[in-house]
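To start, the structure under review is shown below, and the notes come after it.
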Amino acid sequence: MTVTATSVDQPDQLQPSAFGPRGARLLRLVPALASALCGVLLYVSFPPRTLWWLALPAFAGFGWVLRGRSWKAALGLGYLFGLGFLLPLLVWTGVEVGPGPWLALVAIEAIFIALVGVGIAAVSKLPAWPLWAAALWIVGEAVRARVPFRGFPWGKIAFGQADGVFLPLAAVGGTPVLGFAVVLCGFGLYEAGRLVAEQRRSRDVRRAAAAAALLSVAVPVAGAVAARPLVSDKAEAGTRTVAVIQGNVPRSGLEFSAQRRAVLDHHVRETLKLAADVKAGKVARPDFVLWPENSSDIDPFANPDAAVVIEEAAKAVGVPVSVGGVVERDGKLLNEQILWDPVKGPTQTYDKRQIQPFGEYLPLRGLVGAVNKNWTGMVRQDFSRGSKPGVFDLDGAKVGLATCYEAAFDWAVRDTVTHGAEMISVPSNNATFDRSEMTYQQLAMSRIRAVEHSRTVTVPVTSGVSAIIMPDGRITQKTGMFVPAYLVQKVPLRTSETPATRLGILPEIALVLIAAGGIGWAIGSGLRARRAGGA
């Protein structure tokens with residue numbers, strides 16, 4: 001793919017012709033290298049690092065690279081930005097299956113960013129272009145979250161902002177508004193700097209443009225400050241003492257599931273330890289206990305031995321236990337959360353709705369098998385999707401359930417709250433991904449969800465990191481990785497809804513319309529310019 005460095009209508013860009021033939025060739029590489037490096041910079045802003053602010057110079061640099069480019073150049077530069085960002089961000093997807101799936105995923109996802117780059121280049125000459133450009137970025141995220149295979153939202157800008165000043169905006173309009181503010185501020189910083197350096201425009205034009213640039217920076221920051229009252233950890237429906245169990249696994253990687261009974265026994269053992277510590281007065285008695293996803297890959301409804309040990313754990317601790325099981329019912333394989341009462345046994349269930357492609361089901365099975373038969377062997381039977389939101393009623397406390405991968409999807413978390421959840425649990429199994437950054441990226445998502453919906457979020461994980469997160473996004477307790485542990489804490493229950501919860505998808509729709517308006521304006525301006533030139 002050829003990436004042109006400049007065009008004749010780009011006086012603010014470096015001109016290759018001024019540097020001689022060799023210098024011109026080298027200079028043409030500058031935008032390409034800069035675009036890829038800005039993508040890497042954006043990756044570095046994501047967890048486990050707390051360098052959230054690096055997203056701003058990353059987008060400032062991306063704005064500089066794209067300003068005034070042709071669509072072909074913007075497509076290539078956008079793709080390079082996407083590769084620089086996603087290649088390191090998603091490396092964990094190849095931890096156990098090799099580089100093939102990782103590289104294929106990145107190659108596909110970067111196409112969306114490349115197309116966004118074309119749109120940003122198209123609007124980059126419009127007045128107040130950072131507004132249109134930032135909205136276009138959110139359009140790209142919205143599309144990535146839905147296609148292909150029901151979407152892959154990993155890498156949303158919002159998910160890198162759990163420690164940032166913009167975090168309260170999650171309560172205003174969810175991940176779209178939070179991400180929009182960050183991108184707008186980044187583009188606004190570039191535009192402000194560009195206008196300071198530019199002296200050729202008239203004073204009035206420079207003032208108007210400078211005002212738009214400054215607003216691009218000031219409005220997101222001011223909005224975040226104004227939204228802080230929406231962030232609270234005050235109890236509205238009392239409190240509950242919750243216990244999170246991390247039983248650990250015999251070994252990491254894909255083979256952890258080969259020792260399913262050992263995984264179950266580990267979680268039973270840690271629950272029995274909790275029960276003993278409660279009896280000894282070392283910790284408070286919990287009102288309920290939360291186990292991770294896949295803590296019982298042995299179906300307790302079909303295997304009495306599994307049911308016996310789960311019941312033993314529930315009776316020992318004396319309170320209901322939410323168990324992550326793999327269940328076969330009516331010929332369907334389900335990733336299920338089962339509420340196990342110490343007296344009544346299993347009483348409520350929730351079946352995971354957003355199942356993971358190539359992990360829990362295999363799209364294009366014939367094609368994938370032709371490429372590598374080992375991959376089809378890893379997913380021998382596809383999981384089926386649940387159809388109802390998961391909200392367990394635990395003695396009057398309503399706990400919403402978003403199982404692992406579902407935490408990345410706005411709708412899958414929100415509808416637990418709209419169905420009455422007073423706190424949220426994200427039971428997860430990260431053992432497949434070893435000690436990669438995946439665990440910390442997912443934990444940051446749960447922190448964003450806590451603020452977005454003003455709910456306590458618990459994260460029980462088979463191998464770590466398990467955590468308890470307050471409604472203001474603070475982690476109050478967490479475990480290490482690949483160690484058995486439990487967490488016990490009194491947490492607030494909340495019933496009020498944030499604007500983000502009430503508005504749902506509407507902020508995202510509004511940003512899509514803004515982006516469409518910018519593209520329409522850019523196309524209209526281009527057509528008028530061509531007609532004027534022809535005349």
Side-chain angles (χ1 to χ4, degrees), residues 1-19 21-42 58-87 103-126 129-144 147-148 155 183 186-187 190-191 194 515-534:
M1 182 177 292
T2 302
V3 179
T4 56
T6 188
S7 63
V8 294
D9 64 338
Q10 293 175 299
D12 54 324
Q13 300 282 358
L14 297 174
Q15 297 292 336
S17 58
F19 292 84
R22 180 176 295 179
R25 285 195 296 271
L26 292 175
L27 198 59
R28 288 190 182 96
L29 295 175
V30 170
L33 291 173
S35 191
L37 288 174
C38 285
V40 172
L41 194 65
L42 182 59
F59 279 104
F62 194 40
W64 170 74
V65 165
L66 290 177
R67 179 172 167 77
R69 301 289 178 187
S70 69
W71 74 266
K72 290 182 180 179
L75 188 70
L77 292 168
Y79 197 76
L80 288 172
F81 182 85
L83 292 179
F85 173 42
L86 296 175
L87 271 171
L103 295 175
L105 175 63
V106 170
I108 293 170
E109 292 294 311
I111 293 172
F112 294 100
I113 296 179
L115 295 173
V116 168
V118 173
I120 292 172
V123 302
S124 64
K125 291 292 188 176
L126 297 179
W129 72 267
L131 174 69
W132 320 113
L136 278 164
W137 181 272
I138 300 305
V139 169
E141 290 191 342
V143 175
R144 285 205 305 119
V147 294
V183 180
F187 286 147
Y190 160 64
E191 182 67 357
R194 188 185 70 82
I519 288 293
W521 188 357
I523 292 172
S525 297
L527 291 174
R528 286 191 295 271
R530 289 193 185 93
R531 288 170 185 165

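Basis for what follows: all heavy atoms, side chains included, without hydrogens, waters or symmetry-related copies. Along the sequence shown, the residues carry numbers beginning at 1.
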Distance-minimising heavy-atom pair for [X] and [Y]:
X: Phe62; Y: Ser35; answer: CE1-OG, 4.0 Å
X: Val139; Y: Ala515; answer: CG2-CB, 3.6 Å
X: Ser525; Y: Leu126; answer: OG-CD2, 4.1 Å
X: Ile519; Y: Ala122; answer: CD1-CB, 4.5 Å
X: Pro148; Y: Glu109; answer: CD-OE2, 4.4 Å
X: Ala114; Y: Leu75; answer: CB-O, 3.4 Å

Contact check, side chains of [X] and [Y], non-hydrogen atoms, under 4.5 Å:
X: Phe85; Y: Val40; answer: no
X: Phe59; Y: Leu42; answer: yes
X: Val65; Y: Leu80; answer: no

Which label fits Phe81 and Trp137: parallel for a plane angle under 30°, tilted from 30 to 60°, or perpendicular past 60°?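 Ring orientation of Phe81 relative to Trp137: perpendicular.
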Can you list the steps and then say if Arg144 with Glu141 is a salt bridge (Lys or Arg N to Asp or Glu O under 4.0 Å)? CA-CA 5 Å; Arg144 285 205 305 119; Glu141 290 191 342; 5.1 Å; no
As an exercise, state the distance from [atom1] of [X] to [atom2] of [Y], rounded to the nearest 0.5 Å.
X: Ile108; Y: Leu103; atom1: CD1; atom2: CG; value: 11.0 Å
X: Leu87; Y: Leu105; atom1: CG; atom2: CG; value: 10.0 Å
X: Phe112; Y: Leu86; atom1: CZ; atom2: CG; value: 11.0 Å
X: Leu115; Y: Leu136; atom1: CG; atom2: CG; value: 11.0 Å
X: Trp132; Y: Phe187; atom1: CH2; atom2: CZ; value: 14.5 Å
X: Ile111; Y: Tyr79; atom1: CD1; atom2: OH; value: 5.5 Å

